[in-house]
Amino acid sequence: MAAAIRLSLWHRGLTADNPSVGSIVVRADGRAPTIVGRGVTAYGGRPHAELQALAEAGDAARGATVYATLEPCSHIGKAPPCADAIVAAGVSRVVIATLDPDQRVAGRGVAILRKAGIEVVVGCRQEEARRAMAGFLSLRGRGRPYLTLKLAVSHDGMIGRQGAGQVAITGALARRAVQMMRIEHEAIMVGVGTAVADDPLLTARLDGLEGRTPIRVVIDPFARMLSAARMFDDMAAPAPIVLVSEKAAQNRIDGLAARGAQIRAVASDYRGRFDPREILRVLGVSGIKSVLLEGGAETARRFLDAGLVDRIALFRGSGIVGEAGVAAPIGPEAVPHGFSQVDAAVYGEDRLTVFERNS
Ligand SMILES: NC(=O)c1ccc[n+]([C@@H]2O[C@H](COP(=O)([O-])OP(=O)(O)OC[C@H]3O[C@@H](n4cnc5c(N)ncnc54)[C@H](OP(=O)(O)O)[C@@H]3O)[C@@H](O)[C@H]2O)c1
């Protein structure tokens, strides 16, 4: 199952409405187990992982074990159900990490398999598999994307300096790790304060992965963003989404739209403030399953206060920002309240600690 989960990560963010599922077919035959078929949900969501793994295994699937990170589907959509294909292939055992989150179909795939006399095991490495498809599970189960907050905090607890534009808090290695995080999400989001102060590109710039920039989203109730922003220069990247309120001036909206921005109106209160829940709902309606929130301080605080941050990737740099620093919404050392550490890494002088909300 660990191998199937690793395989599932290959197409994360590239399978449209579907989760990226991994599946492998294994034969033992009295020898060491051998993988005879592998599949990962194809770009755009079809064909499903199990069908590809079975196709690669061919006749070797008869009597073999199929591992799948998600319950094989049971409904007839654009393709015949995977559960039926597994039965037809003569598989003798199926190991599943997690059931389908859709309560209307959960357990149906398993039922088809068991009815055909196949031994089924559910729950193998469930937590790991659920983490790998957290975006899909979140959108299906909660109607909103999974939200990761990424912040780089200096030794003195700052994320930037007033009026200084982009301040390097971490070194080159940590910044590469952030690039990797970007392509693992379907959207990157910032508040307009950051968009104006830093004029960031927010693109994926790793060699060979330049085409993988996710949708960039700016929370901008009054359309304050500059139409000259560099974000609009990269014609190859998807057009940025700018979330505006009804209080934004039409000429400013028109200026941004003329630069290619996708303007989305979000309901706001009398001050032009959005309920962060509404922001995620609007993104979820567009099919966005996972969002990397890259600050700044005010925006991060609002999502934290609303209890909507699922994961925090906290980079701690060794430098000092000093005077006129923009204070981080999270202490440089403390574990944020309600979160537990799940991972850590060192990038040169910088440390990354990853926290997840306690469920
Ligand atoms: N080190 C890091 O990881 C990092 C990352 C990003 C940014 N930064 C730094 O952070 C600083 C900018 O942070 P900041 O706190 O000033 O600005 P910010 O969080 O980027 O933007 C705040 C603004 O976004 C809009 N906004 C956010 N949430 C909203 C909501 N729920 N409803 C309506 N509007 C919402 C509001 O715009 P209006 O004011 O128009 O209402 C708000 O004032 C810069 O110095 C930047 O360099 C550091």
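When a ligand or atom number is given, it counts from 1 through the structure's own listing order.
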Short question: side chain of [X], backbone of [Y] - any donor-acceptor pair under 3.5 Å?
| X | Y | value |
| --- | --- | --- |
| D234 | A236 | yes |
| T41 | G45 | no |
| T34 | A32 | yes |
| S8 | V21 | no |

Are any of the heavy atoms in [X] under 4.0 Å away from ligand 1?
| X | value |
| --- | --- |
| R301 | no |
| R302 | yes |
| G165 | yes |

For [atom], which protein heavy atom lies nearest, and how many Å away is it?
| atom | value |
| --- | --- |
| atom 3 (O) of ligand 1 | A152 N, 2.8 Å |
| atom 10 (O) of ligand 1 | I159 CD1, 3.4 Å |
| atom 31 (N) of ligand 1 | F274 O, 3.0 Å |
| atom 37 (O) of ligand 1 | V192 CG1, 3.3 Å |
| atom 25 (C) of ligand 1 | I219 O, 3.7 Å |
| atom 5 (C) of ligand 1 | E294 O, 3.0 Å |

Just which atoms of ligand 1 are under 4.0 Å from any heavy atom in [X]?
| X | answer |
| --- | --- |
| V326 | 45 (O) |
| K150 | 3 (O) |
| G272 | 33 (C) |
| R224 | 37 (O), 38 (P), 39 (O), 40 (O) |
| L151 | 3 (O) |
| R273 | 32 (N), 33 (C) |

Check whether [X] and [Y] end up in the same hydrophobic cluster, where Ile, Leu, Val, Met, Phe, Trp and Tyr are linked by side-chain heavy atoms less than 4.5 Å apart.
| X | Y | result |
| --- | --- | --- |
| W10 | I35 | yes |
| L243 | L280 | yes |
| L292 | I241 | no |

Report the part of Q166 in contact with ligand 1, treating N, CA, C, O as backbone and CB onward as side chain, heavy atoms under 4.0 Å; options are side chain, backbone, both, neither.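 The answer is neither; Q166 stays 4.0 Å or more away.
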With backbone taken as N, CA, C and O and side chain as the heavy atoms from C-beta onward, which portion of D198 lies under 4.0 Å from ligand 1: side chain, backbone, both, or neither?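 Within the 4.0 Å criterion, D198 contacts ligand 1 through side-chain atoms alone.
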Looking only at N/O atoms, are [X] and ligand 1 under 3.5 Å apart anywhere?
| X | value |
| --- | --- |
| P221 | no |
| T299 | yes |
| A297 | yes |
| E298 | yes |
| F222 | no |
| T194 | yes |
| I279 | no |
| G193 | yes |
| A300 | no |

Is any side-chain N of the basic residue among [X] and [Y] closer than 4.0 Å to the acidic one's carboxylate O?
| X | Y | answer |
| --- | --- | --- |
| D233 | R259 | yes |
| E71 | R108 | no |
| R131 | E128 | no |
| R130 | E127 | no |
| D269 | K247 | no |

Does the side chain to side chain contact (heavy atoms under 4.5 Å, CB included) test come out yes or no for I312 and E356, once each step is laid out? CA-CA 6 Å; I312 301 173; E356 272 177 10; over 6 Å; no
Counting only heavy atoms not in D59 (residues, nucleotides, ligands), do more than 12 fall under 6.0 Å from its CG?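 Atom CG in D59 is not crowded, with 12 or fewer foreign heavy atoms closer than 6.0 Å.
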Heavy-atom count around R27 CZ within 6.0 Å, excluding the residue itself: above 12?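 Counting other residues, nucleotides and ligands, CZ of R27 exceeds 12 neighbours.
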Heavy-atom protein contact below 4.0 Å for atom 16 (O) of ligand 1: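 Not a single protein heavy atom is under 4.0 Å away.
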What pairs with E294 under salt bridge (Lys or Arg N to Asp or Glu O under 4.0 Å), at least two apart in sequence or on another chain?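 E294: salt bridge (Lys or Arg N to Asp or Glu O under 4.0 Å) contacts with K150, R182.
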